[in-house]
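This report refers to the structure that appears directly beneath it.
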Amino acid sequence: MMIPALEFDSHSAPSFATRLCAIAGAICLVAGAVLSPASVWPYLLLLSYALVGLGVGALSFIALQYIVGSGWAAAFRRVPEAMIAVLPLGFVGLWVVFLAHPSLYPWQGAAHDAAPGLAWFKQAWLSWPFFLVRAAVYMALWAAFGYAMLRHSRKQDETGDVSHTKSNIHLSAGFLAVFGITSFLASVDWIMSLEPHWYSTMFGWYNFAGQFESALAVIILLVVWLERRGPLRGVINEAHLHDLGKLLFAFSTFWMYLWFSQYLLIWYSNIPEETVYFTARLRGWWMPFSMASLLLNWVVPFVVLMTIPVKRNASALTKVAVAVLVGRWFDLYLMIFPSQSPDGPVFGIWEAGMTIGAIAAVILVVRSALGAANIIPKGDPYIRESLHHH
Amino acid sequence: MSEQSLTKTADPAEFVPVIAPGNTYRTISDRIADIVLSKDIKLGWAFGLLISFGLLNVFAIAATYLIYMGPGIWGINQPVGWGFAIVNFVWWIGIGHAGTLISAILLLLKQDWRNSINRFSEAMTLFAVACAGLFPVLHLGRPWLAYWLSPYPNTFGYWPNFRSPLVWDFFAVSTYGTVSLLFWFVGLIPDLATLRDRAGNVWFRRIYGLLAMGWRGSARHWHNYEMAYLLLAGMSTPLVLSVHSIVSFDFAVSILPGWHSTIFPPYFVAGAVYAGFAMVLAIAIPFRKFYKLQDFITMKHVDMMCKVMLSTGLIVGYGYLMEVFFGWYSANKYERYMTWNRMFGPYWWSYWSLILTNVAIPQVLWLRKLRYNLPLVFIVCMSISIGMWLERFVIVITSLHRDYVPSSWGMYYPTVWDWATYIGTIGLFFTLLFLFIRFLPAINIFEMKHLLRHKEHEAHGLAHHPSEGGH
């Protein structure tokens, strides 16, 4: 059978408003950094970390598809591939935070040496140059794997050579092994060390679960959008949506499982050094935030996606995906802000503008990445299976 | 062969079937049912059963003496109150997990390579749970009062402490055992009917007929069967995760360094699947050779199981790394000491053997060539089985023997009765397994036929024919 030769035209886009939003976001960032630095810097960390999460989540999705030899997702693989392009954006945001406002991390600077209770290992680990070198290493590794896999996938469009798939299978295995360690270290470095005395061995996994869940939600949104706009019409069918819905259901439950395990074990053991994390998050205005995170990250997907027809329904699925992304925002907000403003959440005009700007920037970057290659990886050996997915 | 079936693997040159070509419905029924219905008693089988039964008797002696004397005959003491009994309990429970994963999760994931290995892995689950369940009961000291764990109206006015993870364990394991049994039995019904129809001996016909519960293979039967099987699969799926999560709570809700770690639930689950697959494969390799079932349990199955072991093994290795990293990062002197004590304390040998057998050796599975080398894979499986036992030994013993107060430190030395009980349960496990292989179809006959039909349709480019639905 013929594979439809569809192209994604990035120039026909009504992107003026999107560009305007992105620029407005950047202005908000600059203005906020001057006028309200206490909340804008951690907020930039939140947004950048969220974008990095989308990129590595999408990369993990691709790697998992390759490594398990599954074919159903090949038809829309260009969507997660385009999401990898968000990675540099997140990296830049993180570096801006690290270089412009390092005092976000309380262990950094002169106070560090005098900080009580930090043993030699922690002192060595949490030293600023080492921290920056590690960040560079993580980012370089992820970007290198992402770039290499992207290149093989795009080259295969021209050659149709199965050896590209084989190379990507090997790269995927390597990426997942490397990512397993670096993602946990990155979450410890960038997020957990905001509260340097607190620790939880679950934290790395918990972060990964959130990253993967949010990446799935964005994949769903983009796939449905491309299907409605045309480029993927006739390519995506209900069975693809069904499987994406199942994955979102499964990974939101996985997220909840990790959340619950971490919470239960800390609550039950009741060791003050550990419970301090949750008491801060279940107090005052943080309590509704915690509830919103649980509700949107797990209750909504779990209840709504329970039945088959909903998972096969594009508009229901997109609503759940949006809910999950809002939940992801709450989750990240809860990871970062209680250490910055213990009295309660702060959210003003700058943060709102930055959020819109970040969303616009993601749209611009993903659009241009989608336009850079065929919308369907037509040389992929699994493409026929994927187009026939039922 | 058309493109359709080739798409199942990226490279046609690497295509390995899940059922060898040349088989028909008849050969499938004959070859699997004959193992059960054949009148010959294979010498190898009899010898295996004899040894297993001998070991089972060792267990009987050890358990009898234990009940007579009390747990003082074991090496447990203050501070190591949880010795071999809990190590073995967790080990056995973990081994059961592969069966549930294969039968439930791989079914939901539509993995066709589950079909020939699901039956005996599910049986293994049951036997492993049976072995596991013995240990906490024997560890009670007064095993005849084990029923006190269950909440029931009574005149003593006592009630189990629902805040204790040990009670959660009781519920988790008994639910797990019950659902696994139902799942296994429901899956057996169509095959029991096949045996009923093929059995020559009238008594066998009657027994299999009774167990087949009037199965006639009508459309309605199949419909109900499919629904029941799917529902049980759905119920078993959370069980795969929950049982070992709750077992991990036994440790992790405490405040003991080395036990209280939030990563424990997923890390235990991964370890359980790891150990389970190692045991399934360690049994499948000799089993397929001895009964010449290489057509049904192909190299594809071996390859897939090796990959599952490799990935779960990496997760387990990640768990060890996490412990070490946080041992130092936490800046908590007890955590740090625990990590140091595991590596260089009196039980250093157990830690390093664990790293060798559970992390280092299984890395050979990265290479496809080595995954296709059966003797090597068998050795790796054995290594993992030992490694996963050592993991529980390290967790239980090294954390207990040196806790916060140095004046209460101690050592743990297993006695001959500890070993006898442990080896005895291995005897129980294999006795049950040998009997199972002889008296029930160890491979799912009708699912293999279904698979064959599916593969034939694929080969003829009919993989998407509407009639493909059905069962």
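Each chain gets a letter, A, B and so on, in the order its sequence line appears, and its residues count up from 1.
- The parts of B/Tyr329 that come within reach of chain A are both its backbone and its side chain, each placing non-hydrogen atoms under 4.5 angstrom from that chain.
- For the set A/Ile266, A/Leu258, A/Leu264, the count of heavy-atom pairs under 4.5 angstrom toward chain B peaks at A/Leu264.
- For A/Phe179 and A/Phe145, the ring centers sit 6.0 Å or farther from each other.
- For A/Trp205 and A/Phe184, the distance between ring centers is not under 6.0 angstrom.
- A/Ala173 touches chain B through backbone and side chain together, each having a heavy atom under 4.5 Å away.
- Contact of A/Glu274 with chain B is made through the side chain alone, with heavy-atom distances under 4.5 Å.
- Note on ring orientation: taking the six-membered ring where Trp is involved, the planes of B/Tyr404 and B/Tyr334 are perpendicular (angle over 60°, cut-offs 30° and 60°).
- Note on ring orientation: taking the six-membered ring where Trp is involved, the planes of A/Phe278 and A/Trp198 are perpendicular (angle over 60°, cut-offs 30° and 60°).
- Residues A/Tyr382 and A/Trp72 keep their aromatic ring centres 6.0 Å or farther apart.
- Aromatic rings from B/Trp82 and B/Trp259 are positioned such that their centres are separated by under 6.0 Å.
- The most heavy-atom pairs under 4.5 Å with chain A, out of B/Phe264, B/Phe326, B/Tyr267, come from B/Phe326.
- Between A/Phe203 and A/Tyr206, the ring-plane angle classifies as tilted under the 30° and 60° cut-offs.
- Below 4.5 Å, heavy atoms of chain A meet heavy atoms from B/Pro165, B/Trp168, all part of residues 165-172 of chain B.
- The aromatic rings of B/Phe268 and B/His244 lie tilted to each other, with the angle between the two planes from 30° to 60°.
- Along residues 307-320 of chain B, the residues that come nearer than 4.5 angstrom to chain A, judged on non-hydrogen atoms, are B/Ile315, B/Tyr318 in order of number.
- Between A/Trp107 and A/Trp128, the ring planes are tilted. Angles from 30° to 60° get that label.
- No close placement of the A/Phe260 and A/Tyr263 rings is indicated, their centers lying 6.0 Å or farther apart.
- Annotation: maximal heavy-atom pairing with chain A below 4.5 Å, among B/Ser261, B/Ser242, B/Pro266, occurs at B/Pro266.
- When A/Val188, A/Leu176, A/Ile67 are compared by the number of non-hydrogen pairs under 4.5 Å with chain B, A/Val188 comes out ahead.
- Annotation: cation-pi pair A/Arg134/A/Tyr138 absent, no NZ/CZ under 6.0 Å from the ring centroid and within 45° of its normal.
- The aromatic rings of B/Phe277 and B/Trp113 are tilted relative to each other, their planes meeting at an angle between 30° and 60°.
- Proximity to chain B (any heavy atom under 4.5 Å) is restricted, for A/Tyr257, to the side chain, taken from C-beta onward.
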*Quick one: do A/Glu273 and A/His197 satisfy side-chain contact (heavy atoms from CB on, under 4.5 Å)? Show the steps, please.*
CA-CA 8 Å; A/Glu273 286 88 339; A/His197 289 287; over 6 Å; no

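- In this structure, chain A has a heavy atom under 4.5 Å from the backbone of B/Ser254, while its side chain stays farther away.
- A/Tyr268 and B/Phe249 have their aromatic ring centers separated by at least 6.0 angstrom.
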